[in-house]
Amino acid sequence: MDISKTLLAKSDRLNAADLSGAPIVATIKSIRQGDGSKPVVIDLVGMDGRPWIPSLGMRRIIAKAWGTETDSWVGRLVKLVNNPEVVYAGQAVGGVEIIAMSHIEKAFTVPKRVSQKKTVPHHVEVLAEPVTEPWRAQWQAIANTLTDAGYSGDGQALLATAGQVIGTQWDHPNKISAEDAQKILATVREDNNEEGK
């Protein structure tokens, strides 16, 4: 499917009209690459496959809060609201804006561009983090074990290595089941002990 065509169909994505009531809190499920004008496509849990395509201003807020490594955004929460005053091409069209985020130490305010010559302050509150994210601790244990056994590389390389150990693959560490994690840890430790003898 040509993603650029998908991006043009407003009815197929999350938009301001979906948030005409109260703000929503959504968990980030995955991030995909879009086209030139809308480079980031964010899938949210429970949105029936309708992605959120954040504006440049909202992408800047996410990058300021969480950095530009999109893998780290998965599993985090955003509180989104419809701002009916968002202007596009001189028309008030409304837009989806972030008003709170998990995984930040404190609230912050950044300038948000509303026209070529005007910015207004945009405030983002701290959103309570999920009580547990067991996959993060599990992945840290796997990454540490692989590193201790002499494997190297970035997160994606280690994820691929972890998959090779038990003959499977995942697109993100949060997809590794507890059972698979135990198999990986046991196999890598056993192989490491054999080599050390």
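To the nearest 0.5 Å, atoms CG (Leu44) and CG (Leu80) are separated by 6.5 Å. Atom CD of Gln138 and atom CD of Gln140 lie 12.0 Å apart (nearest 0.5 Å). For the atom pair CG (Asp180) and OG1 (Thr168), the distance works out to 6.5 Å, reported to the nearest 0.5 Å. The CZ atom of Arg32 sits 12.5 Å away from the OG1 atom of Thr70 when rounded to the nearest 0.5 Å. One distance of note links OG1 of Thr161 with CD1 of Ile142; it measures 11.5 Å at 0.5 Å rounding. Atom-to-atom distance recorded for Ile61:CD1 and Ile104:CD1 is 10.0 Å, nearest 0.5 angstrom.
Between Trp73 and His103 there is no side-chain heavy-atom pair separated by less than 4.5 Å. Between Val74 and Asn174 the shortest side-chain heavy-atom distance falls below 4.5 Å. Within the 4.5 Å cutoff, the side chain of Val188 has heavy atoms near those of the Leu146 side chain. Side-chain contact between Thr145 and Tyr151 is absent, with no heavy-atom pair separated by less than 4.5 Å. Counting only heavy atoms from C-beta outward, the side chains of Ile176 and Leu159 approach each other to under 4.5 Å. Looking at heavy atoms from C-beta onward, Ile31 lies out of side-chain contact with Asp43 at the 4.5 angstrom threshold. Using a 4.5 Å cut-off on side-chain heavy atoms (C-beta onward), Lys112 and Asn83 make contact. Contact annotation: the side chain of Lys79 never approaches that of Met101 to less than 4.5 Å [non-hydrogen atoms, C-beta and beyond].
Across every non-hydrogen atom of Val81 and Pro23, the tightest pair is CG2-CG, 4.0 Å. Here the shortest heavy-atom pairing between Ala128 and Ser102 reads O-CB, 4.3 Å. Between Ala141 and Leu185, the shortest heavy-atom contact is O-CD2, 3.7 Å. Heavy atoms only, all atoms of each residue included: Pro51 and Val41 are closest at CB-CG1, 3.4 Å. Of all the heavy atoms in Pro121 and Thr109, the pair that sits closest is CB-CG2, 3.6 Å.
Connection of Ile28 to Val126 is established within a shared hydrophobic cluster, with ILVMFWY side chains joined at heavy-atom distances below 4.5 Å, either directly or through further cluster members. Under a hydrophobic-cluster definition in which Ile, Leu, Val, Met, Phe, Trp and Tyr are linked whenever side-chain heavy atoms come within less than 4.5 Å, directly or via other members, Trp66 and Leu56 are assigned to different clusters. Taking hydrophobic clusters as Ile, Leu, Val, Met, Phe, Trp and Tyr residues chained together by side-chain heavy-atom distances below 4.5 Å, Val96 shares a cluster with Val110. Trp170 and Trp139 end up in the same hydrophobic cluster when Ile, Leu, Val, Met, Phe, Trp and Tyr side chains are linked at under 4.5 Å.
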| request: Given side-chain contact (heavy atoms from CB on, under 4.5 Å), test Trp52 with Ile98 step by step and report yes or no. | output: CA-CA 11 Å; Trp52 170 42; Ile98 301 166; 3.7 Å; yes
| message | As a quick check of understanding, evaluate side-chain contact (heavy atoms from CB on, under 4.5 Å) for Met58 and His122, giving each step before the final call. | response | CA-CA 10 Å; Met58 295 303 105; His122 184 85; 4.2 Å; yes
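Remark: side-chain polar atoms of His172 are paired, donor with acceptor, to backbone N or O of Asp71 under 3.5 angstrom. Between the side chain of Ser72 and the main chain of Glu69, a donor-acceptor pair closer than 3.5 Å is present.
Other residues, nucleotides and ligands place no more than 12 heavy atoms under 6.0 Å from the NZ atom of Lys64.
Within the structure, the salt bridge (charged side-chain N to carboxylate O under 4.0 Å, His left out) test picks out no pair touching residues 52-62 (sequence neighbours left out).
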